[in-house]
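Single-structure report; data block below.
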Amino acid sequence: MRNVRALPTLDPVDAGDHVCWLVGPGDDFTATTRAFAADGALFGDKVLLIGAPDTRWSLNGAPQGIVVDPLTEQAGGTVWNAAAMLDLVLREADTASRQGFRALRVLARMDRVWPGGASPREIARHELDLDRLTLARAAVVVCAYHRASFRPGLLEQASGVHPHDLGRRAEMPGFRMYSAGTDCWSVSGVVDSDGADTFRTALHELVARSATVRLRCEDLELMDSAGMRALVDAACQVPGRRIVIEKADETFRRCWSLLGYDVPQIPVELAP
């Protein structure tokens, strides 16, 4: 069972963890990355650094794992983007398993993956795919978003689709959405007017790729009318799609009915 949690450091990360690290001006990115990589050698993980502090990192004088710099790859003529990152993580996770490593341990500097910036929908799509991959392959993935490179709304979007974050940040969203299995996603926290757009963007990405999306809401504290409107919008955006709400509490059910959404025309089902 995955649980939403804030981490004071990267020391306690484990297989299946997908961490959003909002890197501030006071954070030592290089030292933290090197410590993260060193822990990988300690625990028997294969290490993959994307956009690492430099390309000469080593442990005890011997190179450990793989270092990829997207900007260098692009300069050499290789197509490198968020899709390429997903392919690389999937490939190396499978390779690490065959090679007998405990897990693949990844730290990605996202401003190197998106040097020209990204839209909220691109971030939601990428991180939801990466979260599903992290859970399925029991990888350890840290996505480092430097605050200076992404505006606050994008940082909120990124945080909302990670189950874990490094430290407690002012930009933390009211809700979290993360993979709980095939086409099943846990939603926790509060979905209100402040986070409705972020929630809607993430849902649009899920509905675009799956005929049925299940949302587990046992850890959902509150969803107000703006959040429910976002849910309806996402469910109705593509004909033939359906969203199933699991483990909704009585307050959610009453509000849903009072807003007039409990009708056949809206393809959202509240499971018993």
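This chain uses plain numbering: 1 for the first residue, then up along the sequence. It should be emphasised that the depicted structure is a prediction, and the values quoted were computed from it without experimental measurement. Heavy atoms only: backbone and side chains are in, while hydrogens, waters and symmetry mates are out.
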Salt bridge (Lys or Arg N to Asp or Glu O under 4.0 Å) against Asp194, all qualifying residues, sequence neighbours excluded
none

Who passes side chain to side chain donor-acceptor pair (under 3.5 Å) against Ser149, sequence neighbours left out?
Asp111

Residues pairing under ring pair (Phe, Tyr, Trp, His ring centres under 6.0 Å) where one sits in residues 181-212, two or more places apart or in two chains, turn out to be Phe175-Phe199

Could you work out, with salt bridge (Lys or Arg N to Asp or Glu O under 4.0 Å) as the rule, every residue matching Asp11, not counting sequence neighbours?
none

Linking Ile, Leu, Val, Met, Phe, Trp and Tyr by side-chain heavy atoms under 4.5 Å, what else ends up with Leu42?
Phe43

Any idea how Tyr145 and His162 line up, ring-wise: parallel (<30°), tilted (30 to 60°), or perpendicular (>60°)?
perpendicular

Are the side chains of Asp131 and Val161 in contact, using a 4.5 Å heavy-atom criterion?
no

Could you list the residues that satisfy side chain to side chain donor-acceptor pair (under 3.5 Å) with Thr32, not counting sequence neighbours?
none

Donor-acceptor pair, side chain of Arg105 and main chain of Phe36, under 3.5 angstrom
yes

Short question: side chain of Arg2, backbone of Gly16 - any donor-acceptor pair under 3.5 Å?
yes

Qualifying residues under side chain to side chain donor-acceptor pair (under 3.5 Å), relative to His126, sequence neighbours excluded
none

Validation row: Ile50, Pro70 side chains within 4.5 angstrom (heavy atoms)
yes

Please answer whether the main-chain N or O of Ala208 pairs with a side-chain N or O of Arg241 as donor and acceptor at a distance below 3.5 Å.
yes

Residues two or more places apart in sequence or in another chain: which of them pass salt bridge (Lys or Arg N to Asp or Glu O under 4.0 Å) with Asp28?
none

If you look at every heavy atom in Val207 and Ala234, which pair is closest and at what distance?
CG1-O, 3.5 Å

Less than 4.0 Å between a side-chain N and a carboxylate O, is that true for Arg176 and Asp165?
yes

Going through the distances and angles, do Arg125 and Thr201 end up as a side-chain contact (heavy atoms from CB on, under 4.5 Å)?
CA-CA 9 Å; Arg125 180 186 308 121; Thr201 299; over 6 Å; no

Kindly state each residue pair satisfying side chain to side chain donor-acceptor pair (under 3.5 Å) with at least one member in residues 258-267, sequence neighbours excluded.
none

Does Tyr178 have any side chain to side chain donor-acceptor pair (under 3.5 Å) partners at least two apart in sequence or in another chain, and if so, which?
none

Note: Arg147-Asp27 ion pair, threshold 4.0 Å (strictly below)
no

Can you pull the ring pair (Phe, Tyr, Trp, His ring centres under 6.0 Å) pairs that have at least one residue in residues 206-235, sequence neighbours excluded?
none

Kindly write out the residues that satisfy salt bridge (Lys or Arg N to Asp or Glu O under 4.0 Å) with Arg102, not counting sequence neighbours, or none if the list is empty.
Asp14, Asp45

